[in-house]
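Each remark here refers to the structure printed beneath this line.
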Amino acid sequence: MRRLRRTDPIRAMVRETHLEPGALILPLFLCPGEGVRREIASMPGVCNLSVDEAVKEVEAAAALGVGGVLLFGVPDAETKDEEASGAWSDDGIVQRGLRTLRQSSAAKRMLLIADVCLCEYTSHGHCGVVRETPEGFEVENDTSVVLLAKTAVSLAKAGADIVAPSDMMDGRVAVMRGVLDHEGLEQTPILSYAAKFDSSFYGPFREAADSTPQFGDRRGYQMDGANLREAMREIALDLGEGADMILMKPALPYLDVIRAARERFDVPIGAYQVSGEYSMLKAAAGKGWIDGDRAMMESLLSIRRAGAGFIVTYFAQEAARRLG
Ligand code: PBG
């Protein structure tokens, strides 16, 4: 075996898995204001950006060949309410961001993907509409789905190339597809976070997006990390409802699920290397305990090897620079 491992050229010749910048998608957190670039304490190098700063970020990412950006909103706390009106309002933070980004030259070279969820906009931080029950509370499915579909339409109208529902309500893809088509948005693809596990690795994101649930947790809608077969059912359902592509998340702790999905479904599959995965590598590298650059590339390569065609990652620019 060692004959084929001796030099860089021979290793390159026999390499089975490759990464390219175009397969990387950079998440961005849009916030109100101007000239705002606020670093997230638990995610070194990742910032909340006002729209003008986001334009610069998108241009820099496009210059590196990054394939697209995934947009999240971080609205002012006082605008949050029970119906998440900031998610579907015409002048919501992501809608405003999209209209501006659409005008930038970078937007012609890369995809503007809009995350569709309510948790950044609800006063309680859950991904749907909450109703009190004798046992505590319930995240209502069907009323949430109506608002999510409304959100998807509003984001597509504002200029999103792709809408990406991450809420994990049942039946949302079907309703979203129907409403998008009805509104003349039949060319807007749905990238469904079909298999999204309830994960401790979302912690830093919730700090970034200010979306930690004020009570309870997300186990009533996000998947149990123990269940691979159930993930396959989720994917099959979303595809049946009209999802064009699926996203798996988190990535590194669920590589087996990505592999199983790749073998079973013939649609484009992406994986989301989530905030905690990023923070973990950054923290260890910051302490000098691992080589941060190599660990970054190795983790991305392993996600690709598991079967993800594209990867949503906070490392998108850093990795693209290395792949240069
Ligand atoms: C919204 C959403 C979350 C993430 C993406 N979309 C948070 C959550 O479900 O709590 C997590 C992304 C990350 O951790 O980087 N529902």
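Indexing begins at 1, ligand by ligand and atom by atom, following the structure's order.
Within the structure, every pair that satisfies the ring pair (Phe, Tyr, Trp, His ring centres under 6.0 Å) test and touches residues 7-57, not counting sequence neighbours, is listed here: Phe29-Phe72, Phe29-Phe205.
Here the heavy atom of the protein found nearest to atom 5 (C) of ligand 1 is Lys249 NZ, 2.4 Å. What sits closest to atom 14 (O) of ligand 1 on the protein, heavy atoms only, is Ser275 OG, 2.7 Å. In terms of protein heavy atoms, atom 15 (O) of ligand 1 is closest to Tyr314 OH, 2.6 Å. Scanning the protein heavy atoms around atom 2 (C) of ligand 1, the nearest turns out to be Lys196 NZ, 3.2 Å.
For CD of Glu20, the number of neighbouring non-hydrogen atoms (other residues, nucleotides, ligands) closer than 6.0 Å is greater than 12.
No N or O atom of Tyr193 sits closer than 3.5 Å to an N or O atom of ligand 1. Checked against a 3.5 angstrom limit, the closest N/O atoms of Ser211 and ligand 1 fall outside it. Annotation: Glu120 places no N or O atom under 3.5 Å from an N or O atom of ligand 1; distance criterion only.
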Requested in this report: Let me see the working for His126 and Phe215 under ring pair (Phe, Tyr, Trp, His ring centres under 6.0 Å), right down to the final yes or no.
Outcome: CA-CA 9 Å; His126 277 289; Phe215 48 85; 5.3 Å; yes
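Taking the centre and axis of the six-membered ring of Tyr202, the NZ or CZ atom of Lys196 falls inside the cone set by 45° and 6.0 Å.
Contact annotation: for Tyr278 versus ligand 1, there are no heavy atoms closer than 4.0 Å.
Glu53 and Ser50 are not linked by any side-chain donor-acceptor pair at a separation below 3.5 angstrom, with hydrogens and angles left out of the test.
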